[in-house]
Amino acid sequence: MHTVLSMMFCLMTGINSFASALDGAWAAEDGLQKTILFFKDGYFTSVSFSSIKFISAVGGTYKIDGNTIDYLKEFDSADSNEVGKNNQRDFSITGNQLSLTANGNAALYIRIDNGSAPLSGVRKITEREQDGKLVTIHKTGSRKTLKILTGSRFQWFAINPETKQFSGTGGGTYTFINGKYTENIQFFSRDNSRVGAKLTFDGKLEKNKWHHSGLSSKGDKIYEIWSRINH
């Protein structure tokens, strides 16, 4: 019995170490096009863009099985028919390089960060200020807006996995210092003119709840609470 438990522990430790090794953000460049991969809390996204335009984004849940990533797409901006499909990629990590292989073709990514930061995780809005009071957001159906943050990168996306609808995404780099959360926009699917914008908000972290307040890009006052979730 002890031997079986020890084997199970070693197996789980190995799986967790692989998942932990993937945590964070990775980047690859092909000419003017840049692709960023995010892995955090059982969720992944991949977004491609250039300095002047958004190109595409996909994302969903994932699990590690040995040296294979098993993932299920919840959104695909380029091909909604891919939503709901299971996929696999073999992977290996050497130093700060991630190799992903599919159909014999390998793609290399360089680590940007290891996903370690106070705000890192997958988050959704659970409360919002209305008429001076924080109100719990009750949602029905599968439509959702999530934000994934690693150590230095963020991406939000509005999707509906049930209807395969992709409504939009945006993201870039961020900092969170002394109660100030600052975003630097590198891609925005709805409006490429937003690229290069810098937005600063007040922020505080209480357990798994991120209090986010200030003025939106339209100048509207906001106070939101983003709670961390796991997949």
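Excluded from the calculations below are hydrogen atoms, water molecules and symmetry mates; all remaining heavy atoms, backbone and side chain alike, are included.
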message: Check for me, please, whether I36 and F187 land in the same ILVMFWY cluster - side-chain distances under 4.5 Å, paths through other members count.
response: yes
message: Quick check on the hydrophobic clustering: are I222 and F188 connected, directly or via other members, by side-chain heavy-atom contacts under 4.5 Å?
response: yes
query: Between N192 and F54, is there a donor-acceptor pair closer than 3.5 Å when you use the side chain of the first and the backbone of the second?
result: yes
field: Main-chain N/O of L119 paired to R123 side chain as donor or acceptor, under 3.5 Å
entry: yes
query: Applying the 4.5 Å side-chain criterion to the ILVMFWY set and letting contacts propagate, would V195 and L199 be lumped into a single cluster?
result: no
query: For the side chain of S50 and the backbone of K53, is there at least one donor-acceptor N/O pair under 3.5 Å apart?
result: yes
Steps toward salt bridge (Lys or Arg N to Asp or Glu O under 4.0 Å) verdict (D76, K73): CA-CA 7 Å; D76 187 325; K73 286 186 181 181; 2.9 Å; yes
- prompt: Distance from R89 atom CZ to F44 atom CZ, nearest 0.5 Å?
  reply: 9.0 Å
task: Determine whether L22 and I64 make a side-chain contact, defined as any pair of heavy atoms from C-beta on separated by less than 4.5 Å.
output: yes
message: For T68, is there any backbone N or O sitting under 3.5 Å from a side-chain donor or acceptor partner on D65?
response: no
task: Report the C-alpha separation of K147 and E183 in whole Å, then their side-chain angles, then the decisive distance to 0.1 Å, and conclude whether the salt bridge (Lys or Arg N to Asp or Glu O under 4.0 Å) test is met.
output: CA-CA 13 Å; K147 179 176 282 191; E183 294 182 343; 3.0 Å; yes
- prompt: Between atom OG1 of T45 and atom CD of E74, what is the distance when rounded to the nearest 0.5 Å?
  reply: 11.5 Å
query: What's the spacing between S120 OG and N114 CG if we round to 0.5 Å?
result: 8.5 Å
query: With side chains defined as the heavy atoms from C-beta onward, is the minimum distance between K221 and E129 less than 4.5 Å?
result: yes
message: Taking the six-membered ring for Trp, are Y71 and Y62 closer than 6.0 Å centroid to centroid?
response: no
E162, CD atom: more than 12 neighbouring heavy atoms under 6.0 Å: no
field: Shared hydrophobic cluster for L149 and L146 (ILVMFWY, side-chain gaps under 4.5 Å)
entry: no
- prompt: Side chains of N230 and V122: does their closest heavy-atom pair fall under 4.5 Å?
  reply: no
query: Would the H212 and Y223 ring centres measure less than 6.0 Å apart?
result: no
Which atom of L205 lies closest to which atom of P118, heavy atoms considered: CD2-O, 3.1 Å
Donor-acceptor list for residues 163-180 side chains, cut-off 3.5 Å, not counting sequence neighbours:
| residue | atom | partner | partner atom | Å |
| --- | --- | --- | --- | --- |
| T163 | OG1 | N160 | ND2 | 3.4 |
| T169 | OG1 | Q155 | NE2 | 3.0 |
| T169 | OG1 | W156 | O | 2.5 |
| Y174 | OH | T150 | O | 2.6 |
| K180 | NZ | D202 | OD1 | 2.5 |

task: Indicate the ring-plane relationship of F157 and Y43, choosing parallel, tilted or perpendicular according to the 30° and 60° boundaries.
output: parallel
field: Side-chain touch E224/E127, heavy atoms, less than 4.5 angstrom
entry: no
task: Could you grab the distance from atom CG of L37 to atom CD1 of I110, nearest 0.5 Å is fine?
output: 11.5 Å
message: Once rounded to the nearest 0.5 Å, what's the spacing between atom OG of S99 and atom CG of N67?
response: 11.0 Å
field: Working for side-chain hydrogen bond (donor to acceptor under 3.5 Å, both in side chains), residues S48 and T35
entry: CA-CA 4 Å; S48 297; T35 298; 2.8 Å; yes
- request: Check step by step if side chain to side chain contact (heavy atoms under 4.5 Å, CB included) holds for S152 and I112.
  value: CA-CA 8 Å; S152 61; I112 301 174; 3.8 Å; yes
query: How many angstroms lie between atom CD of Q130 and atom CD1 of I137, to the nearest 0.5 angstrom?
result: 7.5 Å
query: Below 4.5 Å, heavy atoms only, C-beta onward: do F39 and L98 meet side chain to side chain?
result: yes
- prompt: Can you check side chain to side chain contact (heavy atoms under 4.5 Å, CB included) on I225 and R128, steps first, answer last?
  reply: CA-CA 6 Å; I225 293 181; R128 177 182 286 123; over 6 Å; no
- request: Output yes when a side-chain donor or acceptor of S77 lies under 3.5 Å from a complementary backbone atom of A57, and no otherwise.
  value: yes
field: Side-chain donor/acceptor of N184 to backbone N/O of K198, under 3.5 Å
entry: no
task: Following the transitive rule for hydrophobic clusters with a side-chain heavy-atom cut-off under 4.5 Å over Ile, Leu, Val, Met, Phe, Trp and Tyr, establish whether F154 and V58 coincide in one cluster.
output: no
query: Hey, mind stepping through E82 and K85 against salt bridge (Lys or Arg N to Asp or Glu O under 4.0 Å) and telling me if it holds?
result: CA-CA 6 Å; E82 289 295 308; K85 291 184 178 181; 3.3 Å; yes
task: Could you tell me whether the side chain of F49 reaches within less than 4.5 Å of the side chain of Q186, counting heavy atoms only?
output: yes
- prompt: Charged N to carboxylate O under 4.0 angstrom, R153 versus D113?
  reply: no
query: Shortest non-hydrogen contact from P161 to S142?
result: CD-O, 3.2 Å
message: Apply side chain to side chain contact (heavy atoms under 4.5 Å, CB included) to residues Y109 and L100 and explain how you reach the verdict.
response: CA-CA 8 Å; Y109 296 83; L100 294 178; 3.9 Å; yes
message: Are more than 12 heavy atoms, taken from residues, nucleotides or ligands other than D30, located less than 6.0 Å from that residue's CG atom?
response: no
task: Could you tell me whether the side chain of K124 and the main chain of I229 form a donor-acceptor pair under 3.5 Å?
output: no
message: As a quick check of understanding, evaluate ring pair (Phe, Tyr, Trp, His ring centres under 6.0 Å) for W26 and F38, giving each step before the final call.
response: CA-CA 7 Å; W26 306 78; F38 297 74; over 10 Å; no
